[in-house]
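I have placed the structure first, in the form of structure tokens, so that the comments after it can refer back to it.
These values consider heavy atoms only, across backbone and side chains, with no hydrogens, waters or symmetry-generated copies. Throughout, residue positions are numbered sequentially from 1 according to the sequence presented.
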Amino acid sequence: MRGVPGRLSRLFDLGLWLVVCVPPVTAAVSPHGRDVLTAAVGVPLLGAAVALSRRWPLAALAVPVALSLALDVRMSTPLYWTALVLFGYLAGQRMATARPALWFFGAVATAGLPLCALVLRDLWGWPMQLLTLLLTVVLPWLLGRYRRQYAELVGTGWRLADRLEREQRAVADRARIRERARIAGDMHDSLGHDLTLIAVRAGALELDPGLDARQQAAIGELREAAGAATERLREIIGVLRADDEQPPRVPAAENAEALVERVRSSGVTVTLEHLDDTDDLPPMVGLAVHRVLQEALTNAAKHAPGTAVQVRLVRDGAILGLSVVNDPATVAPLPGVASGGSGLVGLDERVRLAGGTLRTGSTPEGGFEVVAELPVTGGTAPRAATAARPTVSAGELARARRQVRRRLVQTVVVPLAVLAGILLLMIPISFVSSSFSVLDRDRYEQLEVGDVRSRLPAFTRDGPPDDAPPTPGDEDCVYYNTRTASADAYRLCFAHDRLVSKAVVGGSR
């Protein structure tokens, strides 16, 4: 499949060469020997331009420009207009930057003035050259540039769409990972809490003197199994739920009173000071309160078994305060109950996402306290940052569109501005040409048949007057002004560069 684009490119280049060679080859069938020579030189050079057009498009454009200037300084010959248009368009489409082409156009236009003055001896050929350069080279080049910009816009749109799709997939993957990590934390908090309470109860039963050794051993095994299950739960990694399942929330009908009562039933002494209604909390705040209370009670049961725990839940305006304080531990922590050290870190993150703050540490009496303050109105929006991602791609696409619109405006405005400049340029050219093409009357009177051109002014008049008689077909006639901006002119006709006749024409003579 790799050879197919290369074959198509070669076919395109072959077709391009055939098209640009049609005008000079057609002119070669005429009886004039110059046209045959033109075709013999131009056809291979145009082939070389086609070969250069992909890698060096500006060099390829320079070939028909040079051929056109060689035939006529004014570039008015139609033999290479097709080549100028096509190579100009391809240069605009294939060039990455515009500056080299602008320098090239400026150089050709600047060189036109001395060429017209030295070769044609007629300044009026320069505006003709500029106009031809504008219509056959610059305008197609601008169209090619616009086409390139439009293709880049389309390509940018597809790239941005692809990138946006990949970013959306990445955002969804990150959200899924965060959700699963949160669920893992919820599972650790809830099931770890229950398993700790089982271990606490088993530890209390293991010390009951009313049980025989076999029963105490069995309960000890139960306590160790609960501790090992807590440790394995912490190490679980895997798919925690299907994509269409909802994340776990606060257990139904389990408020602070129900959670404290369940802990009391396991043998832990807990007092609850609940001063305000907390039933209408935002979901994130309610979940944070439940997890903070659950983790704090679990830590108290694990690390300070047998001590009293005080829970205080107070709502002060827009702030909800929760404190869980346990008395100093009087016995060592229960053996076999694992502690990963990540529970408080997870609580801090959960409280922060809910917009609150968490403080933990030892009390002056030697106990331990967990204090959380959470807002009960409004909430944070941790996903808002991801919602702003598409604006980057949208901004890039908008900039690309503005560039294409600006290029379209340039394609229309630049030729009109250059055309207006050429028209304005004709005013001083008309004055200069009229002044430099004046033939002094005394010199005109002194001219005799057989004189040569070297004795004449440097520039000729731009064509004969409107009412001048026809030029003899076998003579080469030139016209000079009798004075600046005169209506009549001196007509001098030459044959083999020697004067054969002279006359005053025009001016209603």
*asked:* Quick check for you: to the nearest 0.5 Å, what is the distance between L16 atom CG and S9 atom OG?
replied: 12.0 Å
*Only counting residues at least two apart or in another chain, list the ones meeting side chain to side chain contact (heavy atoms under 4.5 Å, CB included) with W56.*
L52, A59
*Residues which pass ring-ring contact (aromatic ring centres under 6.0 Å, His included) with Y490, listed by chain and number, not counting sequence neighbours*: Y444
_Side-chain heavy atoms of L90 within contact of Q93, under 4.5 Å_ = yes
_Y479 vs V505 side-chain heavy atoms within contact, under 4.5 Å_ = yes
*Quick one: list whatever passes side chain to side chain donor-acceptor pair (under 3.5 Å) with D13, sequence neighbours left out.*
R54
*asked:* Can you give me the closest heavy-atom contact between P57 and A91, atom names plus distance?
replied: CB-CA, 3.8 Å
*Go through the structure and list residues passing side chain to side chain donor-acceptor pair (under 3.5 Å) with R491, not counting sequence neighbours.*
none
*Atom CG in L135, atom CG in L130: separation rounded to 0.5 Å?*
11.0 Å
_If I compare all heavy atoms of V73 with all of G112, which pair ends up nearest, and what's the gap?_
CG1-O, 4.5 Å
*Quick one: side chain to side chain donor-acceptor pair (under 3.5 Å) partners of Y89, sequence neighbours excluded?*
none
*Taking the side chain as every heavy atom from C-beta outward, state whether V292 and L374 have any pair of such atoms under 4.5 Å apart.*
no
*Begin from the C-alpha positions of D488 and T482 and carry the test side chain to side chain donor-acceptor pair (under 3.5 Å) through to its verdict.*
CA-CA 7 Å; D488 55 355; T482 59; 2.7 Å; yes
_Under the rule for disulfide bond (SG atoms under 2.5 Å apart), what residues qualify as partners of C21, not counting sequence neighbours?_
none
*If we only count heavy atoms from C-beta on, is the L84 to S68 side-chain gap below 4.5 Å?*
yes
*Does a side-chain heavy-atom distance below 4.5 Å link L499 with E448?*
no
*Who are the ring-ring contact (aromatic ring centres under 6.0 Å, His included) partners of F105, not counting sequence neighbours?*
W141
*asked:* Quick check: closest heavy atoms across L45 and V63, and the distance to 0.1 Å?
replied: O-CG1, 3.5 Å
*Do you know the tightest heavy-atom contact between A354 and A288?*
CB-CB, 4.2 Å
*Backbone N or O of V22 within a donor-acceptor pair of the T26 side chain at under 3.5 Å?*
yes
*Can you check whether M95 reaches L58 side chain to side chain, under 4.5 Å on heavy atoms?*
yes
_Residues that F12 engages under ring-ring contact (aromatic ring centres under 6.0 Å, His included), provided they are two or more places apart_ = none
*asked:* Using the side chain to side chain donor-acceptor pair (under 3.5 Å) criterion, which residues pair with S53? Sequence neighbours excluded.
replied: R94
_Whether the side chain of W126 engages the backbone of L115 through a donor-acceptor N/O pair (distance < 3.5 Å, no angle test) should be reported._
no
*Can you tell me how far OG of S501 sits from CG of L447, rounded to the nearest 0.5 angstrom?*
11.5 Å
*Might you point out which heavy atoms bring R74 and T132 nearest each other, and give the distance in Å?*
O-OG1, 3.6 Å
*Any side-chain heavy-atom pair from V137 and F87 closer than 4.5 angstrom?*
no
*Mind checking side chain to side chain contact (heavy atoms under 4.5 Å, CB included) for R166 and listing every partner two or more places apart, or none if nothing turns up?*
D162, R163, R169
_Which atom of T77 lies closest to which atom of L71, heavy atoms considered_ = CG2-CB, 4.0 Å
*asked:* Going by the rule side chain to side chain contact (heavy atoms under 4.5 Å, CB included), which residues pair with T82 if we only count those two or more places apart in sequence or in a different chain?
replied: V19, P23, L86
_Run the side chain to side chain contact (heavy atoms under 4.5 Å, CB included) test on L14 and R10 for me, step by step, so that the C-alpha distance in whole Å, both residues' side-chain angles and the decisive distance to 0.1 Å come before the verdict._
CA-CA 6 Å; L14 178 60; R10 288 192 293 270; over 6 Å; no
*Of all residues at least two apart in sequence or in a different chain, which pass the side chain to side chain contact (heavy atoms under 4.5 Å, CB included) check with T360?*
L344, L358, F368, V370
*asked:* Contact between P140 and V85 at the side-chain level, heavy atoms closer than 4.5 Å - yes or no?
replied: yes
